[in-house]
Peer 1: 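I am attaching a structure below and will ask some questions about it afterwards.
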There are 2 protein chains.
Amino acid sequence: MRPELQKMKDKKQHIIETTLHLFAEKGFEGTSIREIAEKACVNVAMVNYYFGSKEKLFEKIIEYKSFTTRGILDEILNNQSLNAIQKIEEIIDTYVQKLFTHRTFHRLVHQELILNQREALQDSIVNNMIYPNSLIVKTVIERGIKSGEFKKVDPELTIASIVGTINQVLLSKKSCNKLMNKADDYIPYDDNKFKKRVSTHLKNLMHDHLLNK
Amino acid sequence: MRPELQKMKDKKQHIIETTLHLFAEKGFEGTSIREIAEKACVNVAMVNYYFGSKEKLFEKIIEYKSFTTRGILDEILNNQSLNAIQKIEEIIDTYVQKLFTHRTFHRLVHQELILNQREALQDSIVNNMIYPNSLIVKTVIERGIKSGEFKKVDPELTIASIVGTINQVLLSKKSCNKLMNKADDYIPYDDNKFKKRVSTHLKNLMHDHLLNK
DNA sequence: AAACTAATTAAACGTTTGTTTAATTTTAAA
DNA sequence: TTTAAAATTAAACAAACGTTTAATTAGTTT
């Protein structure tokens, strides 16, 4: 029973990965189960056999993928050897790294947030993914303000500026390339120099904005 | 023929407005023509009679709505009585005002950018809406740098920070309220105090980031 | 008032959708 | 090797989809 169960898990994961990319490219409603089955090389019925329904498959994707993206920020928050601005820098590096690497998943999450469908799923995204992370960053900023290391900024909107900048760049390859004066076929997200450029900009921005001078 | 044509135009506009909200809430594929017809109180066939197809209706919405959101930034750029940082402040006010007011439309645009469907439409959005505006802001920043009023920042990513911050807040009511510690039924986008808060934060951020001290 | 065009309708078109069924094959345990 | 459960399949399901048709009503022009 063991190796069989393993195979099933592989197949389930394979369907999840395939569907993630299809959903991110074409949207939930824009992707048919037959399309998923074809691209994942499984029978149409297998999707419902494994996941129950298209919507439950969606929820499984969010659940499965958000599990892999958690818990790194906590370490930064509690790292005693870093001062406030160093923590912010670490947070920026972490966000850039994570969001760039898992950009397909984050596109899907954004799609789901923008739409007013599937309220439970939206709640789960906000409460389990977005809010806990924001809270950690907010704590870092507020402690920095309290200790006098930071100016009295707007903590919540400062977070929005960090995450929003990255999201703006990840939004679409086409709009990113146009803004950056790159060729249409350039893939900025695989370019480490570009990643570095984004995190450098954000660190400069936060230095200017947060530090008392 | 005059009043009849007028009536038709009203009906077309009415369908456009109705569809805009449906598309923004449920997505293009998630909205059926029958739903549109019902909500707009017209016969199902009228949509195809007026617009030819669902996709052409989509293009008309983008075309119609982007026409109403153009040409304000040019005035700021060419206003001789403003210095560079004052122009940035005006740009921030304009962006906050415009994006908050037309947030339904901008959600739709973002959806379309995030998806890799309908390439022509995406091109049109990038080339006719996003790029021209970015170019103006970029020019303001670059002139500010040249004149010594601004530090040598990354112009493109500074734009991403301005627009990205606003978009982050506009992304979803739920995530915005959670981040801002507001009640679930609070509508931040209709609250002028919140609008003011966003533009104040952005002006502070840009002061810190751009100005030579 | 007649003639013509545009607007509107209900009904039907063929596809595609997500899902289910029932039969078959594969797999692991007895 | 038999047996029972799990995995896989092709086929079918009703419902919903975007779109078209053909008939009717409304409006304008002559």
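Nothing here was measured: the structure is a model prediction, and the numbers come from that model. Lettering of chains follows the sequences in order, A, B, ..., and the numbering in each one begins at 1.
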Peer 1: Got a sec, which residues hit side-chain contact (heavy atoms from CB on, under 4.5 Å) with A:Val163, two or more places apart in sequence or on another chain?
Peer 2: A:Tyr95, A:Ile159, A:Asn167, B:Gln168
Peer 1: Applying side-chain contact (heavy atoms from CB on, under 4.5 Å), can you list everything that pairs with A:Glu119, at least two apart in sequence or on another chain?
Peer 2: A:Asp123, B:Lys174
Peer 1: What integer distance in Å separates B:Glu38:CD from C:dT8:P?
Peer 2: 18 Å
Peer 1: Could you run through nucleotides 9-25 of chain D and give me one letter per nucleotide, 5' to 3': B if any protein heavy atom sits under 4.0 Å from the base, S if only the sugar-phosphate is that close, - if neither?
Peer 2: BB-B----BBBB-----
Peer 1: Which residues satisfy the salt bridge (charged side-chain N to carboxylate O under 4.0 Å, His left out) test with A:Glu17, sequence neighbours excluded?
Peer 2: A:Lys65
Peer 1: Tell me the interatomic distance from A:Tyr50, atom OH, to D:dA6, atom C1', rounded to whole angstroms.
Peer 2: 9 Å
Peer 1: Restricting to side-chain contact (heavy atoms from CB on, under 4.5 Å), what partner residues turn up for A:Asp185, sequence neighbours left out?
Peer 2: A:Ala183
Peer 1: In whole angstroms, how far is the P atom of C:dT8 from the CG atom of B:Asp10?
Peer 2: 11 Å
Peer 1: Let me check something: any side-chain donor-acceptor pairs from residues 28-37 of chain B under 3.5 Å, sequence neighbours excluded? List them with distances.
Peer 2:
residue	atom	partner	partner atom	Å
B:Glu29	OE2	B:Arg118	NH1	3.4
B:Thr31	OG1	B:Leu22	O	3.3
B:Thr31	OG1	B:Gly27	O	2.7
B:Ser32	OG	B:Glu35	N	3.1
B:Glu35	OE1	B:Ser32	N	3.3
B:Glu35	OE2	B:Lys26	NZ	2.6

